[in-house]
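To start, the structure itself, in structure tokens.
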Amino acid sequence: MADTEQAAQPSREELLSRTRARIDEVDERILELLNERSSLSREVGRIKAGEKSTIFKPQREEEILARLSSRNQGPLPEAALRSIWREIFSSSRSLQRPLRVAYLGPEGTFSYFAGVEYLGHSAHFHACTDLPAVFEEVNAGSCDLGVVPLENSLQGTVGISFDLFLKFPVCIQAELFSRISHCLLSQEESFSAIHTVYSHPQPLSQCAFWLRGHLPAAALIPTESTAAAARKALETPGSAAIGNGNLADMLRLNILAKRIEDAPGNWTRFVIIAREGSQNRLGSLPLHKGSLSDHSKTSILFTTPDKPGALSSVLNLFAHHDINMRKLESRPMLGQCWKYVFFADVEDDLTRPEYRDILLELSGLCNNFRVLGSYLTGPQLDRVWGPEDNID
């Protein structure tokens, strides 16, 4: 009797076959639903045909992600859900109209990977030789969006980005925070073969302690970007590059070591810019506590009269209305010696109607006042390499 019961139990192969058959059925249902969603996205594109605003709607996308996250009962991880839907959003945008995105190139820089991770692979990415070119492409309408590094948690602000907001009438559509994790990349298979290391000066500096400990005799050669360094490592025997681990897949390089940065808390804040006048408004978001509107911020540029208390008057106005300032930076005003412009981030959406009087008062206190954009606090895109992956 026991032998009969044992024989009736399905084998491991039978269980695996049944489970895979169910997965195939689910995949077919998912494919059918994705095509249905794609058809609806095309319909949205037809309805909005002729509109000048960008097809990138970060607030709408975040509303969808928040709703899906609240209903996700697992076991699908939150990070995986968001990653999957970012690619769905990317495909949906491309079905409406191609989305052209400028970034600081060449392909394979941290700006490139930040843009791809946030905007998805269906966008058309255009490499620019420098940051002014990114702003020029967006302002001219050659590209719909631009990916711009604004500040780094270790090195501080990217001054040229702030200066370019003074020169070009562009706005901030969204922000994202990307963790900067460095890998040692090479066509060689071991440290012993490495005598030269290429990278941008910043990664070389950020990995200085690790390099002294593991490759003390290697020559450190600065390059214009981590992507250029990886290509040098591909072409030069006995060399390696420091850069994003994704470059290994892109160029078929070996990863000899992961997470080699000396300080683990290395993050870069990127902003997504668009032509002025095409920005999305947050005003449609709900006002109830705990809603997305509680996570919005506004970036502003302003100059003050050259008199005592001018800056404190602006700061006191924010304090009086219980508006928290997250960042305040001063930059030299281009073409005017010893004159300065202030860049600030404040919490909440100052474009809402209830803040109209405050904006008018601010304009009265400042010589010049400009809202760069109101947007939701950006996600932290954390593609890090686990400690267990380190190779010593």
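- Residues V26 and D24 form no side-chain contact, since every pair of their non-hydrogen atoms from C-beta on lies 4.5 Å or further apart.
- When atom types are taken as modelled, the side chain of N139 and the backbone of F135 share no donor-acceptor pair closer than 3.5 angstrom.
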Item to complete: Check step by step if side chain to side chain contact (heavy atoms under 4.5 Å, CB included) holds for H214 and F191.
Response: CA-CA 8 Å; H214 293 79; F191 288 172; 4.0 Å; yes
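- Atom NZ of K57 is separated from atom CD1 of I64 by 12.5 Å, given to the nearest 0.5 angstrom.
- Using a 4.5 Å cut-off between side-chain heavy atoms of Ile, Leu, Val, Met, Phe, Trp and Tyr, L15 forms no hydrophobic cluster with any other residue.
- Here ring-ring contact (aromatic ring centres under 6.0 Å, His included) pairs that include residues 325-353, with residues two or more places apart or in two chains, are F162-F343, F302-F342.
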Worksheet item: How far apart are the C-alpha atoms of R370 and E276, what are their side-chain angles, what is the distance that settles it, and do they pass the salt bridge (charged side-chain N to carboxylate O under 4.0 Å, His left out) test?
Response: CA-CA 11 Å; R370 177 183 161 205; E276 199 165 62; 3.3 Å; yes
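- In the hydrophobic clustering, where aliphatic and aromatic side chains (Ile, Leu, Val, Met, Phe, Trp, Tyr) are joined below 4.5 Å either directly or transitively, I23 stands alone.
- Ionic pairing of R93 and E61 is present here: one or more N-O contacts between side-chain nitrogen and carboxylate oxygen are shorter than 4.0 angstrom.
- Partners of E347 under the salt bridge (charged side-chain N to carboxylate O under 4.0 Å, His left out) rule, at least two apart in sequence or in another chain, are R326.
- Annotation: salt bridge (charged side-chain N to carboxylate O under 4.0 Å, His left out) contacts involving residues 153-164, sequence neighbours excluded, comprise D163-R331.
- Distance NE2/H121 to OG/S90: 8.5 Å, rounded to 0.5 Å.
- A donor-acceptor pair shorter than 3.5 Å can be found between the side chains of S374 and T298.
- Around NZ of K327, the count of heavy atoms belonging to other residues, nucleotides or ligands within 6.0 Å exceeds 12.
- Tested against L247 for a side chain to side chain contact (heavy atoms under 4.5 Å, CB included), the candidates L185, I242, T109, L234 yield a single pass: L185.
- Shown here are the side-chain contact (heavy atoms from CB on, under 4.5 Å) partners of R46, two or more places apart in sequence or in another chain: R42, E43.
- With sequence neighbours left out, the side chain to side chain donor-acceptor pair (under 3.5 Å) criterion links Y355 to D348.
- Judged as a ring-ring contact (aromatic ring centres under 6.0 Å, His included), and not counting sequence neighbours, F177 has no contacts.
- For H200 and F110, the ring centers are positioned 6.0 Å apart or more.
- Membership of an apolar cluster is not assigned to L154, as no side-chain contact below 4.5 Å to another ILVMFWY residue is traced.
- With 3.5 Å as the limit, one finds no donor-acceptor pair spanning the side chains of Q187 and E235.
- A 6.0 Å sphere centred on CG of D306 holds no more than 12 heavy atoms belonging to other residues, nucleotides or ligands.
- With sequence neighbours left out, S38 forms a side chain to side chain donor-acceptor pair (under 3.5 Å) with no residue at all.
- Residues forming a ring-ring contact (aromatic ring centres under 6.0 Å, His included) with Y112 (at least two apart in sequence, or on another chain): Y103, F125.
- As a member of the Ile/Leu/Val/Met/Phe/Trp/Tyr network built from side-chain separations under 4.5 Å, Y198 groups with I221.
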